[in-house]
Amino acid sequence: MKTLQAKMHNSVSWAVFTGLAALCVFQGVPVRSGDATFPKAMDNVTVRQGESATLRCTIDNRVTRVAWLNRSTILYAGNDKWCLDPRVVLLSNTQTQYSIEIQNVDVYDEGPYTCSVQTDNHPKTSRVHLIVQVSPKIVEISSDISINEGNNISLTCIATGRPEPTVTWRHISPKAVGFVSEDEYLEIQGITREQSGDYECSASNDVAAPVVRRVKVTVNYPPYISEAKGTGVPVGQKGTLQCEASAVPSAEFQWYKDDKRLTEGKKGVKVENRPFLSKLIFFNVSEHDYGNYTCVASNKLGHTNASIMLFGPGAVSEVNNSTSRRAGCIWLLPLLVLHLLLKF
Ligand SMILES: *[C@@H]1O[C@H](CO)[C@@H](O)[C@H](O)[C@H]1NC(C)=O
Ligand SMILES: *[C@@H]1O[C@H](CO)[C@@H](O)[C@H](O)[C@H]1NC(C)=O
Ligand SMILES: *[C@@H]1O[C@H](CO)[C@@H](O)[C@H](O)[C@H]1NC(C)=O
Ligand SMILES: *[C@@H]1O[C@H](CO)[C@@H](O)[C@H](O)[C@H]1NC(C)=O
Ligand SMILES: *[C@@H]1O[C@H](CO)[C@@H](O)[C@H](O)[C@H]1NC(C)=O
Ligand SMILES: *[C@@H]1O[C@H](CO)[C@@H](O)[C@H](O)[C@H]1NC(C)=O
Ligand SMILES: *[C@@H]1O[C@H](CO)[C@@H](O)[C@H](O)[C@H]1NC(C)=O
Ligand SMILES: *[C@@H]1O[C@H](CO)[C@@H](O)[C@H](O)[C@H]1NC(C)=O
């Protein structure tokens, strides 16, 4: 009986107090300094797509009703859930804090959320902005390209993300050239063979590590013979003629002697082809092998040729090469000594 009376007494005095307080508010007199800051929501909330966002509202014990709203839609009012979205849950509803959590946040959740409270029958709101960040993602990129020298190319790299990612193009190999474009598009007019190689598109915002994708640019050009080396070989020895050509696609090689094509399988001769090099090998050079050979390098864009001499030891001394001439003298020396010795 006693306790009931005490309770009744308490509630009566509470009603009187709240009535007075309401009166004060309506008269525009703040009940307590600092009240204007209630309810206090946190600063803007920034989360990444897929993460959970906590919306906190700091209140005090004079608050009688609380709610969180998404724009004008009530998400929670007190302990009651008003929205159907299963990702929205109540975290705490105490005398000091009223917070909810939005799980698995997506971009469409971005926007203003409102904490609405009633203190002494007086509504107040506080707004917090939910900002959703999304890692950069390259959604469209040009495929590898094969182009003839002199033509124009245009590479595209489209990326999404929040904030909008910065897209750049770099030429990374065979030589690291560096930035070649500061946006989604890379246009090259009159492409040269030096501009072939790997290009890397990079999309970055501050949300996550930049994402990169590569595009291989192949620049085709006709063969160019960079080295055609003749050689002097005595009869009975092994001799090699060498022809080096750069080309894209790789050159195919053919050898001619004078105007006659050297066919594969000719006795004592072998052709060794590599992508940038062809060797004509004579296993046992004979007198009639000497002469003027022509190396022809061709690909789908064109062909070129170079003439290479296979000459005998007589011709070796004619070559303006002091080293080989001196070498010739050294070979003669033992013969001279032998000749002298035999005379005695
Ligand atoms: C919160 O976000 C909104 C909208 O993006 C912006 O106008 C406001 O300045 C931000 N407030 C703070 C405190 O960052
Ligand atoms: C907030 O409102 C927007 C617009 O109506 C809606 O797309 C989004 O799903 C809502 N998010 C939450 C967590 O209620
Ligand atoms: C390359 O682009 C230039 C300038 O737009 C144009 O004049 C030229 O005809 C183009 N070349 C080719 C091979 O398309
Ligand atoms: C090279 O050819 C000559 C003449 O046909 C022959 O006498 C000699 O034995 C051959 N040498 C070798 C290493 O095959
Ligand atoms: C070799 O032949 C080519 C053409 O077949 C000619 O242009 C060149 O002068 C010749 N070289 C020699 C040393 O005879
Ligand atoms: C080598 O090139 C010249 C000039 O382009 C051409 O006249 C000649 O026929 C070519 N020789 C061969 C064997 O292809
Ligand atoms: C041969 O070499 C010498 C010295 O290196 C040089 O002076 C001369 O001009 C060369 N001759 C030819 C035909 O290349
Ligand atoms: C001279 O001949 C030697 C031996 O054959 C060779 O190693 C050298 O490269 C030649 N030098 C020149 C300048 O042709």
Side-chain angles (χ1 to χ4, degrees), residues 41-42 44-57 67-77 80-91 98-116 125 127-134 162 222-226 228 230 233-241 243 245 247 251-263 266-271 278 280-310 312-313:
M42 54 209 302
N44 287 347
V45 178
T46 301
V47 292
R48 291 183 195 176
Q49 186 181 38
E51 290 180 350
S52 296
T54 301
L55 305 182
R56 269 192 213 94
C57 190
W68 267 109
L69 290 81
N70 172 6
R71 295 176 181 84
S72 58
T73 308
I74 297 171
L75 300 175
Y76 260 96
D80 300 328
K81 188 171 179 181
W82 282 54
C83 72
L84 295 173
D85 195 333
R87 299 174 305 135
V88 180
V89 296
L90 182 66
L91 277 190
Y98 183 57
S99 32
I100 60 166
E101 184 180 64
I102 304 169
Q103 295 163 344
N104 192 14
V105 166
D106 210 334
V107 289
Y108 51 75
D109 294 323
E110 184 165 299
Y113 288 77
T114 307
C115 172
S116 180
T125 60
R127 182 173 275 199
V128 55
H129 238 91
L130 178 63
I131 294 163
V132 182
Q133 295 186 326
V134 183
R162 275 176 184 236
Y224 161 78
I225 294 180
S226 50
V233 185
V235 168
Q237 297 209 347
K238 186 180 173 184
T240 305
L241 299 181
C243 180
E252 286 182 14
F253 294 94
Q254 284 168 3
W255 289 90
Y256 290 81
K257 184 180 186 196
D258 302 319
D259 287 331
K260 257 183 68 189
R261 168 113 189 254
L262 296 184
T263 48
K266 185 179 178 291
K267 206 167 164 258
V269 179
K270 191 186 164 204
V271 176
S278 181
L280 180 61
I281 303 164
F282 301 87
F283 293 108
N284 183 358
V285 170
S286 69
E287 199 69 50
H288 69 261
D289 287 330
Y290 295 133
N292 191 357
Y293 290 82
T294 304
C295 158
V296 178
S298 57
N299 71 5
K300 63 178 182 185
L301 294 183
H303 57 84
T304 186
N305 67 49
S307 60
I308 306 173
M309 295 292 289
L310 179 69

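Whatever order the structure lists them in is the order used to number ligands and atoms, beginning at 1.
- In the model, Asp106 has a side-chain atom that pairs as donor or acceptor with a side-chain atom of Gln49 under 3.5 Å.
- Of the protein's non-hydrogen atoms, the one nearest atom 10 (C) of ligand 4 is Asn284 ND2, 2.2 Å.
- The protein atom (non-hydrogen) at minimum distance from atom 5 (O) of ligand 2 is Arg71 NH1, 4.2 Å.
- Under a 4.0 Å criterion applied to the non-hydrogen atoms of Ile102, ligand 2 contributes the atoms 13 (C).
- Ligand-side atoms of ligand 2 in range of Tyr108: 3 (C), 6 (C), 7 (O), 8 (C), 9 (O), range being under 4.0 angstrom from any heavy atom.
- For a threshold of 3.5 Å applied to N or O pairs, the pair formed by Asn70 and ligand 2 contains at least one separation below that value.
- For atom 14 (O) of ligand 6, the closest non-hydrogen atom on the protein side is Asn305 ND2, 3.4 Å.
- Here the protein heavy atom with the shortest distance to atom 13 (C) of ligand 2 is Asp109 OD1, 3.5 Å.
- Ser278 and Trp255 share a donor-acceptor pair across their side chains, judged by distance under 3.5 Å alone.
- Atoms of ligand 2 found under 4.0 Å from any heavy atom of Leu75 (numbered from 1 in listed order, with element): 14 (O).
- Here the closest non-hydrogen pair linking Ile225 and Cys295 is CD1-O, 3.8 Å.
- In this structure, atom 7 (O) of ligand 4 has its sub-4.0 angstrom surroundings free of protein heavy atoms.
- Per-residue contacts place Tyr113 under 4.0 angstrom from the following atoms of ligand 2 (heavy atoms of the residue considered): 1 (C), 11 (N), 12 (C), 13 (C).
- Residue Tyr113 holds its OH atom at 4.0 Å from CG of Asn70, rounded to the nearest 0.5 Å.
- Counting heavy atoms under 4.0 Å from ligand 2, residue Thr73 does not touch it at all.
- For the side chain to side chain contact (heavy atoms under 4.5 Å, CB included) test with Phe282, the passing option among Leu241, Thr240, Val233 is Leu241; the others fail.
- Among Pro112, Ser116, Cys115, the one residue that satisfies the side chain to side chain contact (heavy atoms under 4.5 Å, CB included) test with Arg127 is Pro112.
- Atom 3 (C) of ligand 4 is approached by the protein to below 4.0 angstrom, counting heavy atoms only.
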### Message
Checking Glu101 against Arg87 for the salt bridge (Lys or Arg N to Asp or Glu O under 4.0 Å) test, could you report, in this order, the C-alpha distance in whole Å, the side-chain angles of both residues, the deciding distance, and whether it holds?
### Response
CA-CA 8 Å; Glu101 184 180 64; Arg87 299 174 305 135; over 6 Å; no
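- If you take CG on Asp258 and OH on Tyr293, they are separated by 8.5 Å, rounding to the nearest 0.5 Å.
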